[in-house]
2 protein chains.
Amino acid sequence: MEAFGNNLRRLRKEKGFTQEKLAFEIGIEISQISRIERGILNTSVSTANAISKALKVPIRELFDFDRDRLS
Amino acid sequence: MEAFGNNLRRLRKEKGFTQEKLAFEIGIEISQISRIERGILNTSVSTANAISKALKVPIRELFDFDRDRLS
DNA sequence: TAAAAAATAGGCAAATTTGCCTATTTTATT
DNA sequence: AATAAAATAGGCAAATTTGCCTATTTTTTA
């Protein structure tokens, strides 16, 4: 959950999206993006899918839960 | 959401899991598995991740939301 | 370094998900 | 066809997520 958030933040920045832009594109609240990135909440499969589509990143990259341990 | 459920059902069967076995392995209720497969609810990212690990299928396959349109 | 932009924080009510439960229906096995 | 196994249905309370909101802090830009 925390890893998901870290992946999201990294990928979002790589793609040049602000939280606001991403939130707007997928039609959710910016406060939700913030909470997801910070690992405060465990969002749904459909939001995860929408994020992956909006950022044009493979879903696998968001779910790469082990990546963080490396860095 | 519906597609996620269909993918789950197909993959679960391919791997020879009953709903009960899968539920037990990931520590959730069998009624939840049933509801997820039927597209009644939109489960969380962490449950999706646990399912992918338990079934040993890539997360991408669960999220292959467009697959259904083919069949 | 001042102003603007981006991100964080958190309160609150409504909506949704979850676990626990019992009962019924469908599918597979003998 | 009868029994057993698997899946569906749904009620209910507790827990969690969501949207909407305002305020504050941090980061970036001029």
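Labels below follow one simple rule: chain letters A, B, ... track the order of the sequence lines, proteins then strands, and each chain is numbered from 1. Hydrogens, waters and symmetry mates are skipped; everything else that's a heavy atom, side chains included, is used.
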Can you tell me the distance, in whole Å, between the CD1 atom of B:I33 and the P atom of C:dC20?
14 Å
Specify the separation, in whole Å, of atom CG of A:L41 and atom P of C:dA15.
19 Å
Which listed nucleotide (D:dA6, C:dG19, C:dT18) is nearest to the side chain of B:I28?
C:dG19
Which nucleotide wins on minimum distance to the side chain of B:E29, given the candidates D:dT18, C:dA9, C:dG19?
C:dG19
B:Q32 side chain, from C-beta outward: closest of C:dT18, D:dT17, C:dA9
C:dT18
Within the 3.5 Å criterion, strictly below it, is a donor on A:T47 or A:S44 matched to an acceptor on the partner's side chain?
yes
Taking the cut-offs as 6.0 angstrom to the six-membered ring centre and 45 degrees off its axis, would you call A:K21 and A:F24 a cation-pi pair?
no
Hydrophobic cluster membership, with links at side-chain heavy-atom distances under 4.5 Å among I/L/V/M/F/W/Y: are B:I30 and B:F4 in one?
no
Expressed in angstrom and rounded to an integer, what is the separation of A:I40 atom CD1 from D:dT18 atom C1'?
14 Å
Map B:N42 and B:R35 onto DNA chain C by nearest heavy atom, then report which one ends up closer to the 5' terminus.
B:N42
So, taking the atom named CZ in B:R35 and the one named CG in B:N42, what distance separates them when rounded to the nearest 0.5 Å?
14.0 Å
B:I36 CD1 to C:dT17 P: how many Å, rounded?
10 Å
Pairwise 5' ranking along DNA chain D for B:F17 and B:S44, keeping only the more 5' one
B:F17
Below 4.0 angstrom from OP1 or OP2 of C:dA6, is there any side-chain N or O of A:T18?
no
Per atom distances to the B:R9 side chain, the nearest of D:dT8, D:dT18, C:dT8 is D:dT8
Supply the atom-to-atom distance B:I59 CD1 to B:I51 CD1, rounded to the nearest 0.5 angstrom.
8.0 Å
Write down the distance between CG (A:L22) and P (C:dT8), rounded to a whole number of angstrom.
13 Å
Are B:Q19 and D:dA5 close enough that a side-chain N or O sits under 4.0 Å from OP1 or OP2?
no
If I take atom CD in residue B:E37 and atom C1' in nucleotide D:dA7, what distance separates them, rounded to the nearest angstrom?
9 Å
Rounding to an integer number of Å, can you tell me how far B:R12 CZ sits from D:dA6 P?
10 Å
Nearest to side-chain heavy atoms of A:S31, which nucleotide of D:dC21, D:dA7, C:dG19
D:dC21
As a test of reading the structure: which of C:dT8, D:dA9, C:dT18 is closest to the side chain of B:R38, going by heavy atoms?
D:dA9
